[in-house]
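One structure below.
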There are 2 protein chains.
Amino acid sequence: MKTNNKYLAIYQELSEGIKQGLVKVNETLPSENELAVQYDTSRETIRKALNLLAQNGYIQKVKGKGSIVLDVTKMSFPVSGLVSFKELSQNLGRTSHTAVEKFGLIKPGNFIMQQLNLGAHDEVWEVVRSRKIDGENIILDKDYLNRKHIPFLTKEICEDSIYRYIEEELKLKISFAKKEIVVEECTEEDFNYLDLINFQHIVVVKNHVYLEDTSLFQYTESRHRLDKFRFVDFARRGH
Amino acid sequence: MKTNNKYLAIYQELSEGIKQGLVKVNETLPSENELAVQYDTSRETIRKALNLLAQNGYIQKVKGKGSIVLDVTKMSFPVSGLVSFKELSQNLGRTSHTAVEKFGLIKPGNFIMQQLNLGAHDEVWEVVRSRKIDGENIILDKDYLNRKHIPFLTKEICEDSIYRYIEEELKLKISFAKKEIVVEECTEEDFNYLDLINFQHIVVVKNHVYLEDTSLFQYTESRHRLDKFRFVDFARRGH
DNA sequence: AAGTGGTCTAGACCACGCC
DNA sequence: GCGTGGTCTAGACCACTTA
């Protein structure tokens with residue numbers, strides 16, 4: 001990670017300190033003026049860093065008092081934000097394994113054409129992967145990627161991490177996603193590839209993923225066994 | 001809404017314009033310098049407003065190009081962020097009704113004591129409400145509020161909106177929440193108060209809600225019938 | 001009264017897209 | 001080269017908490 005950004009560097013240093021418990025929960029950080037001196041920068045730059053901390057649940061800023069450190073230990077991050085399975089499983093440190101169940105270039109059906117705003121002659125990569133955690137197949141990821149943006153793809157890449165390939169090799173910038181979580185009835189496919197025990201329903205996380213230039217390049221369904229699904233989030237009220 | 005804030009006023013004006021389609025999707029907003037002149041303010045203030053728009057999925061900023069307007073029409077907001085049922089149902093314009101099934105001051109059991117970090121002599125308000133939408137009881141909200149922060153409460157307030165009472169009458173500022181979404185097996189209580197048809201599982205949204213001074217004052221479980229649950233979110237990648 | 005965070009300003013330089 | 005957004009600065013005034 002190369003950053004020429006002072007405020008990002010400060011954010012990372014402070015957030016690391018909080019995660020590692022160097023600052024005690026419910027105590028305040030040094031004041032903005034003190035931090036500006038410590039980091040040899042202006043107050044506005046410090047404030048950018050602190051605002052990032054506040055957005056991500058590390059601190060609560062209180063006028064007249066200071067920036068109070070929040071308890072961040074409870075916040076494991078299973079599905080929140082926009083991270084790939086590989087990043088997730090690394091964070092959690094679980095034994096996990098990915099199997100590519102389907103891989104190929106297809107003419108999309110109506111549903112996928114609609115999800116990706118495709119024309120009649122567009123092609124998409126279809127990738128279906130099952131995720132095994134602690135010995136059980138629990139997650140089925142179905143990815144559809146517009147060939148316009150991803151001209152080349154291999155099974156090997158899918159076994160590793162598609163996002164890593166897209167960002168590091170293709171140098172495309174993944175920017176944002178619209179996420180939807182719903183519960184659906186299990187399909188044949190779910191039964192085939194997952195260890196479903198007796199569950200009749202499955203949690204589906206649907207993602208429309210966009211690049212930096214706002215073009216839609218991927219539609220994903222991440223299908224999770226009911227009992228293993230967990231989503232955590234930090235939410236601020238208002239604006 | 002009284003705001004002495006220029007940047008908030010600008011944010012609201014621009015977001016209204018986008019929601020109402022006054023600016024076309026995929027076109028750019030006026031440049032930051034132009035907006036600074038239009039609103040008779042500095043560029044940094046404009047940038048604060050635009051950053052809010054970007055965070056909330058209204059625009060995508062692209063260096064060298066401008067601020068591209070995103071398609072915001074698909075984003076209905078069922079459970080996202082931190083909003084009360086009353087605010088939600090008003091937004092969605094559905095016919096809905098709230099019934100208070102349980103109401104009282106209790107000595108909390110172990111589970112609630114843990115969730116709210118309570119001592120042996122603390123008391124909490126327990127409120128259980130069912131939510132009827134389009135003729136079916138679909139959501140069961142179980143609220144536990146620390147009496148330290150909410151000394152007085154009535155059944156009538158719960159039939160209207162607890163949050164409205166807390167914010168407008170008590171003038172407390174609800175600041176942030178840690179949210180968790182999981183699926184659990186239905187309980188007796190779920191069967192009693194909800195129209196569950198044949199479902200054996202239920203989606204549970206657990207919230208720990210904090211005030212501005214970082215004190216935890218409420219634990220809530222919002223229990224949704226599987227087929228009626230939907231959560232949408234807008235997520236940006238990285239930092 | 002002193003210290004805190006919240007807002008706002010007017011300017012500067014940079015990296016990037018486009019013509 | 002010009003216009004765009006991204007970062008940074010040094011200063012100002014305000015609202016709020018605490019002593």
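First the proteins, then the strands, lettered A, B, ... as listed; each starts at 1.
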Residue pair A:Asn207 / A:Gln218, side-chain donor-acceptor N/O under 3.5 Å: no
Contacts of A:Val62 meeting side chain to side chain contact (heavy atoms under 4.5 Å, CB included) (sequence neighbours excluded), chain-then-number -> A:Gln60, A:Lys65, A:Ile68
Taking for each residue the nucleotide of DNA chain D bearing the nearest heavy atom, is the 5' side occupied by A:Lys48 or by B:Ser31? B:Ser31
Can you sort out the partners of A:Phe103 under ring-ring contact (aromatic ring centres under 6.0 Å, His included), two or more places apart, ordered by chain and number? A:Trp125
Check side chain to side chain contact (heavy atoms under 4.5 Å, CB included) between B:Lys148 and all other residues, then give those that pass, not counting sequence neighbours. B:Asp122, B:Asn146
Could you work out, with side chain to side chain donor-acceptor pair (under 3.5 Å) as the rule, every residue matching A:Tyr210, not counting sequence neighbours? none
DNA chain C: 5'-most and 3'-most nucleotides touching chain B, 4.0 angstrom heavy-atom criterion: C:dT7 to C:dC18
If the condition is side chain to side chain contact (heavy atoms under 4.5 Å, CB included), which residues does A:Asn33 pass it with, not counting sequence neighbours? A:Ser31, A:Arg43
Please name all residues satisfying ring-ring contact (aromatic ring centres under 6.0 Å, His included) with A:Phe111, sequence neighbours left out, ordered by chain then number. A:Tyr219
Please enumerate all residues that pass side chain to side chain contact (heavy atoms under 4.5 Å, CB included) together with A:Ser15, with sequence neighbours excluded. A:Tyr11, A:Leu53, A:Tyr58
Hits for side chain to side chain donor-acceptor pair (under 3.5 Å) against B:Ser222, two or more places apart or cross-chain, chain-then-number order -> B:Asp141, B:His224
Scan nucleotides 15-19 of chain D against the protein and return all N/O pairs shorter than 3.5 Å with their distances rounded to 0.1 Å.
none

Among residues two or more places apart or on two chains, list those pairs meeting salt bridge (charged side-chain N to carboxylate O under 4.0 Å, His left out) that have a residue in residues 14-23 of chain B. B:Glu16-B:Lys19
Nucleic acid contacts - residues 37-46 of chain B versus DNA chain D, non-hydrogen atoms under 4.0 Å: B:Arg43, B:Glu44
